[in-house]
Amino acid sequence: QVQLVESGGGLVQAGGSLRLSCAASGRTFSIYAMGWFRRAPGREREFVVRFTWSDRSTYYAESVKGRFTISRDNAKNTVYLQMNSLKPEDTAVYYCASAGRAVAGPRVDEYDYWGQGTQVTVSS
């Protein structure tokens with residue numbers, strides 16, 4: 001099993017920045033890729049970005065491309081999501097997820113484990 005714990009959410013004004021963290025523990029050697037998703041009130045869970053650990057390849061949703069950046073700290077088994085130029089429509093609960101095999105990234109059912117989520121609220 002893999003345990004994922006997100007942190008770093010909060011309230012920020014439009015145009016501001018936040019950095020989310022996702023710390024992985026347990027069978028981290030089994031992780032092939034990680035992703036970030038978000039769910040706004042009344043909406044389905046939405047793909048944000050996928051990161052493949054072996055080659056560090058990334059795949060971003062169009063809605064966040066150029067504003068969000070994913071990175072990884074190998075020593076800490078932690079993935080970060082740097083979010084800049086935040087907009088009110090970025091308000092959501094953000095979840096990280098892990099997959100034990102190669103995944104394209106955007107589908108919820110590609111991932112095996114999920115964190116509990118962290119709230120991001122962007123005020124206008």
Side-chain angles (χ1 to χ4, degrees):
Q1 292 229 350
V2 174
Q3 292 79 42
L4 302 171
V5 179
E6 303 97 334
S7 60
L11 173 64
V12 64
Q13 288 188 328
S17 298
L18 280 175
R19 189 178 79 158
L20 305 184
S21 301
C22 175
S25 61
R27 297 172 60 90
T28 57
F29 61 86
S30 67
I31 297 174
Y32 190 92
M34 292 188 73
W36 283 95
F37 287 75
R38 64 187 182 185
R39 183 166 62 194
R43 301 188 65 177
E44 296 290 322
R45 196 168 297 197
E46 175 191 24
F47 169 74
V48 175
V49 60
R50 182 266 297 149
F51 178 91
T52 300
W53 279 18
S54 59
D55 61 6
R56 294 181 175 268
S57 65
T58 57
Y59 173 44
Y60 290 90
E62 286 297 321
S63 59
V64 306
K65 196 175 293 184
R67 300 187 298 122
F68 291 11
T69 304
I70 191 169
S71 61
R72 175 191 174 189
D73 183 327
N74 291 349
K76 296 181 178 180
N77 283 323
T78 298
V79 170
Y80 302 99
L81 184 65
Q82 178 67 43
M83 307 186 296
N84 298 328
S85 302
L86 283 162
K87 305 174 182 179
E89 51 264 43
D90 293 318
T91 294
V93 178
Y94 282 71
Y95 301 88
C96 69
S98 69
R101 59 204 173 282
V103 297
R107 298 201 326 267
V108 169
D109 62 5
E110 293 183 278
Y111 298 85
D112 307 308
Y113 299 101
W114 292 82
Q116 82 289 349
T118 185
Q119 175 71 47
V120 171
T121 303
V122 184
S123 63
S124 57

Inset, instruction - Return the minimal non-hydrogen interatomic distance between Thr118 and Gly9, and the atom names on each side. - result: OG1-N, 3.1 Å
Inset, instruction - Could you list the residues that satisfy salt bridge (Lys or Arg N to Asp or Glu O under 4.0 Å) with Arg38, not counting sequence neighbours? - result: Glu46, Asp90
Inset, instruction - Without swapping roles, check the side chain of Thr91 against the backbone of Pro88 for a donor-acceptor pair under 3.5 Å. - result: yes
Legend entry - Residues forming a salt bridge (Lys or Arg N to Asp or Glu O under 4.0 Å) with Glu44, sequence neighbours excluded: none
Legend entry - Sequence-distant partners of Asn84, side chain to side chain donor-acceptor pair (under 3.5 Å), two or more places apart: Ser17, Gln82
Inset, instruction - List for me each residue that meets side-chain contact (heavy atoms from CB on, under 4.5 Å) alongside Arg43, sequence neighbours excluded, and say none if there are none. - result: Ala40
Inset, instruction - Using the test side-chain contact (heavy atoms from CB on, under 4.5 Å), find all partners of Ser7 that sit at least two apart in sequence or belong to another chain. - result: Ser21
Inset, instruction - State, to 0.1 Å, how close Phe37 and Gly105 come at their nearest heavy-atom pair, and which atoms those are. - result: CZ-O, 3.6 Å
Inset, instruction - With sequence neighbours excluded, give me every salt bridge (charged side-chain N to carboxylate O under 4.0 Å, His left out) pair touching residues 57-66. - result: Glu62-Lys65
Inset, instruction - Ignoring hydrogens and angles, tell me if any N or O in the side chain of Thr78 forms a donor-acceptor pair with the backbone of Lys76 under 3.5 Å. - result: yes
Inset, instruction - State, to 0.1 Å, how close Ser54 and Tyr32 come at their nearest heavy-atom pair, and which atoms those are. - result: OG-OH, 3.9 Å
Legend entry - Distance (rounded to the nearest 0.5 Å) between Cys22 SG and Glu6 CD: 5.5 Å
Inset, instruction - Give a yes or no on whether Tyr80 atom OH has more than 12 heavy-atom contacts from other residues, nucleotides or ligands under 6.0 Å away. - result: yes
Inset, instruction - Output all residues satisfying side chain to side chain donor-acceptor pair (under 3.5 Å) with Thr121, sequence neighbours left out; order by chain, then residue number. - result: Gln119
Legend entry - Val5 versus Gln116, closest heavy-atom pair with distance: CA-OE1, 3.8 Å
Inset, instruction - State plainly whether one hydrophobic cluster holds both Tyr59 and Val108, where clusters connect Ile, Leu, Val, Met, Phe, Trp and Tyr through side-chain heavy atoms under 4.5 angstrom apart. - result: yes
Legend entry - Distance in Å, Arg67 CZ paired with Ser85 OG, rounded so as to fall on 0.5 Å steps: 7.0 Å
Inset, instruction - Might you work through the side chain to side chain contact (heavy atoms under 4.5 Å, CB included) test for Cys96 and Trp114, ending with a clear yes or no? - result: CA-CA 6 Å; Cys96 69; Trp114 292 82; over 6 Å; no
Legend entry - Pairing residues for Arg107 by the salt bridge (Lys or Arg N to Asp or Glu O under 4.0 Å) criterion, not counting sequence neighbours: Asp109
Legend entry - Atom of Tyr111, atom of Gly35 and distance for their closest heavy-atom approach: CE2-N, 3.7 Å
Legend entry - Thr28 OG1 to Asn77 CG distance, which is reported to the nearest 0.5 Å: 4.0 Å
Inset, instruction - Tell me who clusters with Met34, hydrophobic residues only, linked when side chains sit under 4.5 Å apart either directly or through other members. - result: Val2, Leu4, Val12, Leu18, Leu20, Ile31, Trp36, Val48, Val49, Phe51, Trp53, Tyr60, Val64, Phe68, Ile70, Val79, Leu81, Met83, Leu86, Tyr94, Tyr113, Val120, Val122
Legend entry - side chain to side chain donor-acceptor pair (under 3.5 Å) against Ser57, all qualifying residues, sequence neighbours excluded: Arg50, Thr52, Asp55
Legend entry - Pairwise salt bridge (charged side-chain N to carboxylate O under 4.0 Å, His left out) hits with a residue in residues 110-121, at least two apart: Arg101-Asp112
Legend entry - side chain to side chain donor-acceptor pair (under 3.5 Å) involving Gln1 - partner list, sequence neighbours excluded: none
